[in-house]
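Since we're looking at a predicted model, the values are computed, not measured.
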Amino acid sequence: MNLLIAGARVVDPANGVDAVQDVLVTNGRIARLGRALKAPAGTETVDAAGKVVCPGFIDMHAHLREPGHEYKETIASGTRAAAAGGFTAVACMANTFPVNDNRAVTDYILARARVEGVVRVYPIGAVTRNLEGKQLAELAELAEGGCVAFSDDGKCVMNAEIYRRAMEYALPFGTPIISHAEDCHLAGGGAMHEGIVSTELGLPAQPAAAEEVMVARDIVLAELTGAHLHIAHISTAGAVRMVREAKARGVRVTTEATPHHLLLTDEAVRSYDPNTKMAPPLRSKRDVEALVEALADGTVDAIATDHAPHALSEKEDEFAEAANGVVGLETAVPLLLDRLVRPGVIDLAALVTRFSVAPARLLNLPGGSLAPGANADITVLDLDAPWTVTPSAFRSRSRNTPFAGWTGHGAPWMTIVGGVSVKP
Amino acid sequence: MPWKRKDLLSMQDLEPAEIGEVLDTAASMKEIASREIKKVPTLRGKTIVNLFYEASTRTRTSFEIAGKWLSADVINFSASGSSAEKGESLLDTAKNIEAMSPDVVVARHKAAGAPALLARHLRCSVVNAGDGAHEHPTQALLDLLTIREKKGHLEGLNVAIVGDVTHSRVARSNIYAMTKMGMTVTVAGPPTLIPVACQELGVKVSHRLEEAIAHADVIMMLRLQHERMTGGFIPSVREYSRVWGLTLARLTQCRPDVLIMHPGPVNRGVELAPEVADGPYSVILDQVSNGVAVRMAVLYLLTGAKAA
C-alpha cells in the first residue's frame, strides 16, 4: 500500500519544513518528501493542492470511557470521533470502570483498540488504586503494559506524600505524571469559577486558587523528585505564571490547554447550560488572555481536548448537579484554526507543534515528524473549508459541546494512520 | 404598561417600570384580603402548579393562598431531593407537568438556574419561587411593597442587608431590585459571607454592623442557614450572634424611623433579638401579608399577558 500526497503545503515544524512538497508513503512509513516525486507503480495518488499536510495530531488527554461507560463513548466511537477531528492518536485517561489501575485493564483497552480503533490509542494509567489517592497503582506493570503516562485525572491526589512517591517511583519509566490540579477542599464543590458571574448567578463556585495551590505544590514536588510533571488543562493566569517561572528555572514541568479554556470565559455560564460546566471551570477573561498568551509563547506546550463525553441525561440536569466535561475531539482543530490561526494569534507551525510535535515529545511517542522512516501518521487540513458545529453529526456517542452552532473556516480534510486514510 | 413577560425568573431581568407595575397591582390586590369573602373570579379556570423541590411552608402557602383568592386551581407538587437522586431529570418532570396543561408553574429548587431551565422548555409561565443562592424575585417585590407602604417612596432610601449574603437569594434579588429603584444598598457581614466582587453589583460592602446600620432607613437581616453554622464560614453561632446579631442596644444607634425586615424564618436570638423581631420597628409580619398580595399580582399579570 503506497500513497502519494501531491501538491500540498507541508508543515513539519520538527524538521523545519514549510513548503509545497509531495509526500510519498510506502509500507506505512514516510518514504520521501520532495518536488514532483515519481511514485512507484500501484501508488494511490491524492491530489492535495491547496491543502496542508502535517504530522499526525495527537490528543494527549481524552476520555474514551471504555471499559465501563460505553453509553457515553466506546473505543470504536471515540477513535472515529478522533479521526473525524484530524487526530491520528489519542491518549485515554484512566477513570474508566474499572479504573485503568492494573495491567488487565490496560491490556483490555489496547486489545479493543486493535480490533475496533481507527486511530492509535495510548492508555494513561492511574497514579493510585481506584483513583482514591491512597495507595500507588502498580505503575511498573502499567508502564510495561503500554501506559504512556500516569494520572488520576478527574481527581486530584491530595496527599502530597503519595504524589511525591508516585513521581519518584515513575522516574525509571520516563513517563510523565499528569496532574489534575484542583485542591478539592478549596474547590469546595464549586460548579463554576468564582467571580462576579458566579456571584450574580448564585452558583457554588471555586476560586482560581483551587487550581493554583496545586500547581504550586506539584511544581515543588517535581523539583524535589526530578520527575516530569505535566499539568493537565491549565486554566488560570496564576498557574500559567508559575509554570513559566518554573520552566525558566529548569524544572521539568510541561502543560496543556484545552480549546474551551482558550475560547470561552465564565460569561458563557450565564445561560446555566450544563454544557458550559467542566473541571477546571471556564475562567475569567483575564485568565483566558493569559492562557492564549502562554500558548503563543510556548509556556503551554500542547493543546489537548479533555474530550469528556456524557450522555444527554447527565447534562440535562440542574447546573450544579450536571456532570463535568465537554466533548472536544471533533471541534478542537476547526475551532482553533478559525479562532486562533486565522486571526494570526498563533501561526500554523505553532498550532502543529502544540497538536503534534509536543504531545509526541511529552509522552515519548513515535510521531510529531514527517521525516523519512517515521510512521505515516498524517493530518491533512483544508484551511478554507467552511464548518458549522453540528452535534447531531458527531461520530462521538455524546453531544455535550458548548460550541453548538459555531461557524468558521478551516478543518481536517484527511486523517492518515500508518499510511492508510481513515474513513470515520 | 402592558405586561409582556411569559415568566418571572429574576429581578435582574426586570425594568424599573415593570417593578412599579407589579407593586401597583399588588397594592390594589390588598383590598381583597380585607373582604369578608376573600375570593375574586379573576383566574377561574386557570391551573397553577406549585413545584417545590425544596421544603418551604411560607412561600408555598403564600402562593397557594394567592392563587385561591383569585379562584385558580392550585396544585401542590412536592418533590424531594434532586432529580438526579430520583433518577428522573428535572426536564422529564417538567414535561410531565406540562402534559397536564397548567397555566403557571411556580418553581422552587435548591439549584440555581433550575426555574430558568424549566422556563426554556415549558410553554406555560414559570415563576421562580427561589433557586439556590440565585434569586427569589417575589420576596424582593414584597419587600419593596412593604417599604413603599411604610416610607411612601423608594428612591433615595438607604438599606442595609446584613448577614449571609453569599448564600442568600433574597439578598441578590433585593440588591438588583433596590438598586434599580434608586435605593442605596449596603451589604454587611463577615467577609466569609460576602460574595466575591459584590461591589460590582453596585452596592457598598461593610464588615462592621454598626457602620452598616447607622444611617439605614431599612435594615434587612438575613437568616443564618443551619448548614452554614458548621464548617468554615463562621467560628460559632455564639460569636456570630454577638458580632452580627441585631439587639435592642444596637437598635438605639439607628435612625428613629428605621424599619426592621427579615425574610423569615427568624433564628430568634441569632441574627435578631426576640424583642427586636417583635418590636415596634419590625415589619416582618407586614412582609408576610404583602407576600400574598405580590403573588396575586404576579399570577394575575402573567396569566393576563398570556390571554392578551
More than 12 non-hydrogen atoms from neighbouring residues, nucleotides or ligands closer than 6.0 Å to [atom1] on [X], yes or no?
X        : atom1 : result
A:Tyr71  : OH    : yes
A:Arg217 : CZ    : yes
A:Arg286 : CZ    : no

Any sub-3.5 Å donor-acceptor pair from B:Arg172's side-chain atoms to A:Thr199's backbone N or O?
yes
If you measure from [atom1] on [X] to [atom2] on [Y], what distance do you get to the nearest 0.5 Å?
X        : Y        : atom1 : atom2 : answer
B:Leu118 : A:Glu318 : CG    : CD    : 8.5 Å
A:Tyr272 : B:Leu9   : OH    : CG    : 9.5 Å
A:Ser271 : B:Leu117 : OG    : CG    : 10.5 Å

Listed pairs under 3.5 Å, donor-acceptor, residues 196-205 of chain B side chains, sequence neighbours left out:
none

What is the minimum heavy-atom distance between B:Ala112 and A:Gly202, and which atoms define it?
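Closest heavy-atom pair between B:Ala112 and A:Gly202: CB-O, 3.7 Å.
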Between B:Ala114, B:Ala111, B:Gly113, which shows the greatest number of heavy-atom pairs under 4.5 Å with chain A?
B:Gly113
Name the option with the most non-hydrogen atom pairs under 4.5 Å to chain A; the candidates are B:Gly132, B:Ala116, B:Ala133, B:Ser10.
B:Ala133
Could you tell me if the side chain of A:Glu200 sits less than 4.5 Å from the side chain of B:Glu135, heavy atoms only?
no
